[in-house]
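In what follows, a structure is listed as structure tokens, so that the remarks can point back to it.
A note on names: the letters A, B, ... follow the listed sequences, proteins ahead of strands, and every chain is numbered from 1.
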Amino acid sequence: MTATAPARVRMVDTRWLDFAGQAIFHTLIAALVVEALVRLWRVRVSGQRVALRLLALAWPLVALPVLFLAFPVRGADAFREGRAIFAGRRWDDVGFLGVGLYVWWVGAMGLSGLALFLMDLVPLLRARRGDPPSAPPSSPEGRRALATLVEVSAATGIERPPPLVFLEEGPPILYCTGARHPSVVVSRAAVELLDEGELRGAMAHELAHLERRDPAVSWALMGARALMWFNPGFQVLTRAMARDAERAADERAAAATGDRVALASGLLKLYRATEGRPLPAPRRRLPLAASLAEPIARARAHDIGARCRSLLEPAPERVRFGRARVVVAAAALFLLLFFVV
Amino acid sequence: MTAPGGMGVGTAAGEGLRALWVLFLVLGGAALMLAGLDTVPIWLHGEPRGVRRVASVEEAERRLHARVLLPAYFPDSFRWPPATVRVTAEDGGAVSLAFLALDGTPSLVLAQGLGGKGPLPPALLPEAAPIHRQSAPLGEGATLSRVVGEDGTLWSQLEWTAGGRRLVLRGKGSLEEMLRMARSVHGGSR
């Protein structure tokens, strides 16, 4: 290590570096604070969790630009040296291989963020390219799926059920899609796999996603992730939001069908029939795919397990003062992060 | 007996207070963690809070948005460029340049404050106990002192005002050369 980074390194456009560094660090702090509050306040209802997590998610997109534009004084040396409780730039005083540690840290975090973003973007683009052919639901399984969809739509208060895309071939899958023209996609294998109650629960789950406009929200989140590609905390938070959306759809479906156990059972069956199996050979072409596949599979299995456990318990209760908690937490975070530069 | 409604209000108030207490603990813990993290580079780098070591006089000028006053006369008995350049944004900004003698020992410090005629921040130029003080021929308010330096030896110290700044020249060289250096200091705001 050397005592001082060379001057040429500091000639990098410091404003952008400061913005990127603060976006990454602020998101990490906001995410840690929010996650601690979710656990200590015992917030179990997905909607309330989402409201709190949105604080951390909105921070680098909304609050940080406001801080940069409205309070340029935070960028001055006098503020950094005198009033800030943490100044990332101070780490630039310590150099490694001629570059300040702050620049190293922002670079490493940026690469991590990009890797996390691409891990979700690449499979998404591949999946869009390879949609399997669909057929009108003329088979008995197709008619059964359509009838269940109509029945569950009526039970959930949806007047016009979304179109059903029935796949005669392929693995057991059941999902919703379409931001502007929503539809429910189900395969023959999924209909054969699930019994009546499980199919009703799974259909209600997908309808709940459409009711919540989750496909459109997920695209909006993907756009935000593209803006914050360098921010690993942001990438992880959006994944947490996706899990919250799944939990919220589970609760809505369980309330609509009145059978929490059937939904949990259907979830497990579909997971075991697809994700629980070893990954097919073509997905192991990347050099690190084999080593990454195991922890990712474990995380998914853990998530499915948590959702099933949650469904086997009674519906969670909302914590009191939900909105007030979000407002006070937002104000407190603003106060704390104002002094983190 | 307490009415059920009153109990509900009491429970709600208690829950609200508990939520606030948890929020206070979480944010207080985060603030403490951040403050602790902020001291690590200070510990690694060995400079007090508020003082930064920079690579050159030019970088100090860039950080302070002002030109550093330098002596036109520089004796051959010291090494140029300065061995260390330290800046602080406190009290309107200040800079100190430390020079080594030809044998490599610290022998000269030129410090200046941009924030007027007040004393320089002690973090940048540690206070030295004066043994003797008299006026110096460098204008009104200028002084010449003999002080005990950080190394325990006697140093000469000139303090004067030039270009609206407080300057201190502390050195172990000859007094005549120090006065000549002080008189040759020039520069000023950009």
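The CZ atom of R90(A) lies 9.5 Å from the OG1 atom of T39(B); values are rounded to the nearest 0.5 Å. Here CG of L40(A) is found 8.5 Å from CG of L25(B). Values are rounded to the nearest 0.5 Å. The line from CG of L27(B) to CG of L337(A) is 8.5 Å long, rounded to the nearest 0.5 Å. Remark: R320(A) CZ to R18(B) CZ distance equals 9.0 Å, nearest 0.5 Å.
At most 12 heavy atoms of other shown residues, nucleotides or ligands fall within 6.0 angstrom of atom CD in E176(B). Annotation for R74(A): atom CZ counts as buried by contact number, over 12 foreign heavy atoms lying within 6.0 Å. Taking a 6.0 Å sphere around CG of D76(B), one finds it holds 12 or fewer heavy atoms contributed by other residues, nucleotides or ligands. At most 12 heavy atoms of other shown residues, nucleotides or ligands fall within 6.0 angstrom of atom CH2 in W21(B). Under a cut-off of 6.0 angstrom, the local environment of OH in Y73(B) is crowded, with over 12 non-hydrogen atoms contributed by other residues, nucleotides or ligands. Atom CD of E127(B) is surrounded by 12 or fewer heavy atoms from other residues, nucleotides or ligands within 6.0 Å.
Contact tally against chain A (heavy-atom pairs below 4.5 Å) for A19(B), G36(B), A35(B), G93(B): the top residue is A19(B). Of the listed residues (F339(A), F321(A), F79(A), W41(A)), the one with the most heavy-atom contacts under 4.5 Å to chain B is W41(A).
No side-chain donor-acceptor contact under 3.5 Å links W91(A) to the backbone of P41(B).
At a threshold of 4.5 Å between non-hydrogen side-chain atoms, the residues I85(A) and D38(B) do not count as touching.
Heavy-atom minimum distance, E15(B) versus R325(A): OE2-NH2, 3.3 Å.
Of the candidates V33(A), V34(A), L336(A), V26(B) forms a side-chain contact (heavy atoms from CB on, under 4.5 Å) with just one, namely V33(A).
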